[in-house]
There are 2 protein chains.
Amino acid sequence: MDTAHPSSERGASRQALLQAARELLVTRSYASVGIAEICEHAGVRKGSLYHFFPGKEALTQAMLEALYADFERDVLIPGLTGTGKLRDRIEAFVRAIHAFESRMQTDTGRLPGCPFGNLAVELGSHNPGMRRAIRRHLDAVTAHFRAALDTAVRDGELPPSTDTDAAAEQWLALMEGILVMAKADQDPDTILRLGPALGALLLNPTPEVRHEP
Amino acid sequence: MDTAHPSSERGASRQALLQAARELLVTRSYASVGIAEICEHAGVRKGSLYHFFPGKEALTQAMLEALYADFERDVLIPGLTGTGKLRDRIEAFVRAIHAFESRMQTDTGRLPGCPFGNLAVELGSHNPGMRRAIRRHLDAVTAHFRAALDTAVRDGELPPSTDTDAAAEQWLALMEGILVMAKADQDPDTILRLGPALGALLLNPTPEVRHEP
DNA sequence: TTTGCACTTTACCGACCGGTCAACTAATCT
DNA sequence: AGATTAGTTGACCGGTCGGTAAAGTGCAAA
């Protein structure tokens, strides 16, 4: 009848499941979204989900993989690569995050915060498999930050003594914290209000960021 | 029989429920801990829970209230009040957080992160009542940070132009972010590694922390 | 044309969810 | 003594959880 699927798209159900999982899990939480709801939202029967994925956890990990790929393509690479000053790149990055969170709040009524950080917080202390998968993505983000900082060192914007590994990690931590606060406020303005702290942390002379031996 | 409760303690069940809720909710997550588990852990029947609390949400809010009171008494007041330099207070604060997270990991096998931030992340975008309750506690923490910064301004450790409101908010954001990362790592060393970023953010000359007009 | 495979559908599982309820016990107050 | 009250108990509610199993569908290669 109306359910015509003339081999039109291979893996259409799989894609629909990934998209539904993304929309629901990003705006809510892992435990509060059931596979029944994901299937309903995707227009797919539950059995099909278990044809494509071993279970909820694997579906979530595949969703995170695709989500990170989009984030890298749409935000990290265009925002952090290039020839501008580090200060401008940081500001562009904050604006991109603010735009994303604002649009999500307009579209779904909820400000999601960082999808990776959210799941790290919810599952980090009692689901080692998910924790490691999320940690991989956070490391990948950190690598982009470090690359931007290394470029700034090469261009003389930061002193050569800068520990870009440590600074990139601090950048991610502060960004995660900003998104936690924005989520607690449910207000994207919090991102703009706290955004300058990134510049203060990364661009100021930091004479004594000593590592523990 | 063995269930002797000779009016020994008024509200003993209530306290047991609050304690069980704290131990379980702090180390896991709101949705993954059921009231049955809380009751079992407290040695109290489910009906009694609903005698003392309207439901799971109210129990959680009461638990957070008591948790914040302990946090204020044990960490905020002893760590941030006093005559020492701001740098020393910040370091003492980081060490206190590290000690708490380390002890929790030793005792329970899990590094919990910030209980308030965790719940803000899990429930912030789809439970307005809980979100507001959590936000109150985060504001209370910020007020302690601001008081410590105001003292530093008064003592000449920070320039009089310092926007201590904004700086306190940044302090909290970075602290939350550090705890997100530590939870993602499940490693308390992350707190010590990122801790110096607090000093870099709060103690350096920040000539241009401009507010949006 | 037959066979195999990718995919879909539906019914079903035991366990658990947060919450309700009425009956009961034991102190307290008049 | 009688009434009131706080607290306790265990059975029970409808609904949902993640996951399973088996039968069926249509297409494509042999």
Which pairs count as salt bridge (charged side-chain N to carboxylate O under 4.0 Å, His left out) when at least one residue sits in residues 104-122 of chain B, sequence neighbours excluded?
B:R103-B:D107

Rounding to an integer number of Å, can you tell me how far B:E40 CD sits from D:dT8 C1'?
18 Å

Indicate whether OP1 or OP2 belonging to C:dT8 is found under 4.0 Å from a side-chain N or O atom of A:S13.
yes

For A:A168, the side chain to side chain contact (heavy atoms under 4.5 Å, CB included) test, sequence neighbours excluded, returns A:T142, A:F145, A:R146, A:L149

Contacts of type side chain to side chain donor-acceptor pair (under 3.5 Å), residue A:D185, not counting sequence neighbours:
A:T190, B:R135

Spacing of A:L17 atom CG relative to C:dT9 atom C1', expressed in whole Å:
14 Å

Does B:K56 qualify as a cation-pi partner of B:Y50, given the criterion of NZ or CZ under 6.0 Å from the six-membered ring centre and within 45 degrees of its axis?
no

When the distance from CZ of B:F53 to C1' of D:dA6 is rounded to whole Å, what number comes out?
15 Å

Please collect all salt bridge (charged side-chain N to carboxylate O under 4.0 Å, His left out) contacts where either partner lies in residues 33-52 of chain B, sequence neighbours excluded, each pair once.
B:R28-B:E37

Note down the inter-axis angle between the two ends of the helix from C:dT1-D:dA30 to C:dT30-D:dA1, five pairs each, to the nearest 10°.
0°

For a salt bridge (charged side-chain N to carboxylate O under 4.0 Å, His left out) check, start with the C-alpha distance between A:R22 and A:D70, then their side-chain angles and the critical distance, and finish with the verdict.
CA-CA 12 Å; A:R22 179 187 299 204; A:D70 289 353; 2.9 Å; yes

Spatial distance of atom NE2 (B:H137) from atom OH (B:Y68) [nearest 0.5 Å]
8.5 Å

With a 4.0 Å limit, can you tell me whether B:R45 has a side-chain N or O closer than that to the phosphate oxygens OP1/OP2 of D:dG10?
yes

Nucleotides 16-21 of chain D: which of its N/O atoms have a protein N/O under 3.5 Å away?
| unit_1 | atom_1 | unit_2 | atom_2 | d |
| --- | --- | --- | --- | --- |
| D:dG18 | OP1 | A:K56 | NZ | 2.8 |
| D:dG18 | OP2 | A:I35 | N | 2.8 |
| D:dG19 | OP2 | A:Y50 | OH | 2.9 |
| D:dG19 | OP2 | A:K56 | N | 3.0 |
| D:dG19 | O5' | A:Y50 | OH | 3.4 |
| D:dG19 | O6 | A:K46 | NZ | 2.4 |

Take the protein atom CG of B:N127 and the nucleotide atom P of C:dG18, then report the distance between them rounded to whole Å.
14 Å

If you round to the nearest 0.5 Å, how far is CD1 of A:I38 from CG of A:L25?
5.0 Å

Considering just the side-chain nitrogens and oxygens of B:H51, establish if one lies under 4.0 Å of OP1 or OP2 belonging to D:dG7.
yes

